[in-house]
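Structure first, then comments.
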Amino acid sequence: MPASNPRLYRGRFAPSPTGALHFGSLIAATASFLEARSRGGEWLLRMEDIDTARKVKGAASDILRTLEAFGFTWDGPVWVQSERLAVYQAALERLRQAGMLYGCNCSRSQIAATAKLRAVDGGWVYPGRCREAGLTDHGVAQRLRVSAQPLGFIDRIQGELRQHLATEVGDFILRRADGLFAYQLAVVVDDAAQGISDIVRGADLLASTPRQIWLQRCLGYSTPTYAHLPVATNPVGEKWSKQTCAPALDMGRAPQLLWQALDFLGQQPLAQLRKASLSELWSWALSHWSPEKIPRRPAINAAAHPD
Ligand code: GLU
């Protein structure tokens with residue numbers, strides 16, 4: 001259901017159930033929620049569980065319980081990506097028919113041996129060996145052709161970003177050889193299908209955004225606004241994540257952690273609210289929410305156990 005009313009604000013939080021929520025997740029949930037609610041908008045929840053190898057049993061229900069314990073409320077049912085594979089396949093077929101997609105049987109080592117350019121996210125820019133090979137069979141990866149033109153957008157927090165997809169990313173995979181759909185495809189299809197008007201998420205996804213905008217253009221979708229929040233990093237500058245052993249959010253300390261998240265987001269919560277209840281904090285946060293106070297930085301150092 002694409003947004004029929006162009007003024008309707010619809011935001012979302014889209015966790016991957018690869019483990020428990022941590023302080024970094026709380027920052028993204030809090031900012032996207034406050035931005036949606038303070039603008040009279042809706043806030044939707046989506047479980048991004050297409051990467052079956054990384055999925056952790058019980059994590060999705062644990063995430064929902066944690067969000068409830070922190071006082072988040074969402075609109076409508078929770079969308080689950082693993083239940084939407086036919087929709088992603090249909091989007092791939094459209095791209096194939098438009099001549100935007102091609103099969104690729106290059107191995108990682110072949111790519112590493114022949115690639116010349118480093119990609120924005122640390123891998124290699126695909127050198128294009130299979131571009132004209134005409135492989136459309138099953139059992140090979142499916143890549144999207146990218147534009148040679150630079151793609152730019154203005155992020156509401158991080159400012160202007162320009163990326164040359166052809167030299168900084170390369171034709172990228174939408175479905176892997178083992179049949180798994182890529183995050184880039186699922187996120188774009190679902191943001192459009194849910195009628196998301198405004199995306200607020202961590203700056204670790206900033207470099208993915210031009211790919212997502214390119215896909216939106218290829219599929220004829222409109223582009224939402226983007227606001228990429230600073231990510232919380234550990235003392236050695238790594239993003240706090242499951243991989244860097246970020247501790248799970250402690251539901252018993254929900255008000256204190258919410259206060260910390262508001263502080264991280266530059267909202268300057270009053271010191272006397274440090275001992276406030278969750279509902280007092282939420283009502284203060286809603287009436288004082290000022291997105292322009294969010295630090296315009298891609299990363300900020302934060303303690304593992306803020307207190
Ligand atoms: N599922 C992604 C994550 O947990 C977030 C995707 C997004 O917000 O676009 O990092």
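When a ligand or atom number is given, it counts from 1 through the structure's own listing order.
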(request) Give the intermediate values and the outcome of salt bridge (Lys or Arg N to Asp or Glu O under 4.0 Å) for residues Asp198 and Arg10. (result) CA-CA 6 Å; Asp198 296 78; Arg10 193 177 279 156; over 6 Å; no
(request) Might you work through the side chain to side chain contact (heavy atoms under 4.5 Å, CB included) test for Asp204 and Lys239, ending with a clear yes or no? (result) CA-CA 8 Å; Asp204 50 319; Lys239 179 195 164 198; 2.9 Å; yes
(request) Go through the steps for Arg175 and Gln89 under the test side-chain hydrogen bond (donor to acceptor under 3.5 Å, both in side chains), then give the verdict. (result) CA-CA 9 Å; Arg175 206 187 67 203; Gln89 186 58 38; 3.0 Å; yes
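Within ligand 1, counting atoms from 1 as listed, the ones closer than 4.0 Å to a heavy atom of Glu48 are 1 (N), 2 (C), 5 (C), 6 (C). Of all the atoms in ligand 1, the ones that sit under 4.0 Å from a non-hydrogen atom of Ser16 are 1 (N), 2 (C), 3 (C), 4 (O). For ligand 1 and Arg201, the ligand atoms under 4.0 Å from any heavy atom of the residue are 7 (C), 8 (O), 9 (O). Close approach of ligand 1 to Val187 is summarised as follows: ligand atoms under 4.0 Å from at least one heavy atom of the residue are 9 (O).
Between Leu67 and Ala29, the shortest heavy-atom contact is CD2-CB, 4.3 Å. The nearest pair of heavy atoms linking Ile27 to Leu229 is O-CD1, 3.9 Å.
Checked by distance only, ligand 1 and Tyr183 come closer than 3.5 Å through their nitrogen or oxygen atoms. For Leu205, no nitrogen or oxygen atom sits less than 3.5 Å from a nitrogen or oxygen atom of ligand 1, counting backbone and side chain alike.
The single protein non-hydrogen atom nearest to atom 8 (O) of ligand 1 is Arg12 NH1, 2.6 Å, given as residue, atom name and distance. Among all non-hydrogen protein atoms, the one lying nearest atom 5 (C) of ligand 1 is Ala14 O, 3.4 Å.
Phe33 and Phe72 have perpendicular rings, their planes meeting at more than 60° on a 0 to 90° scale where under 30° would count as parallel.
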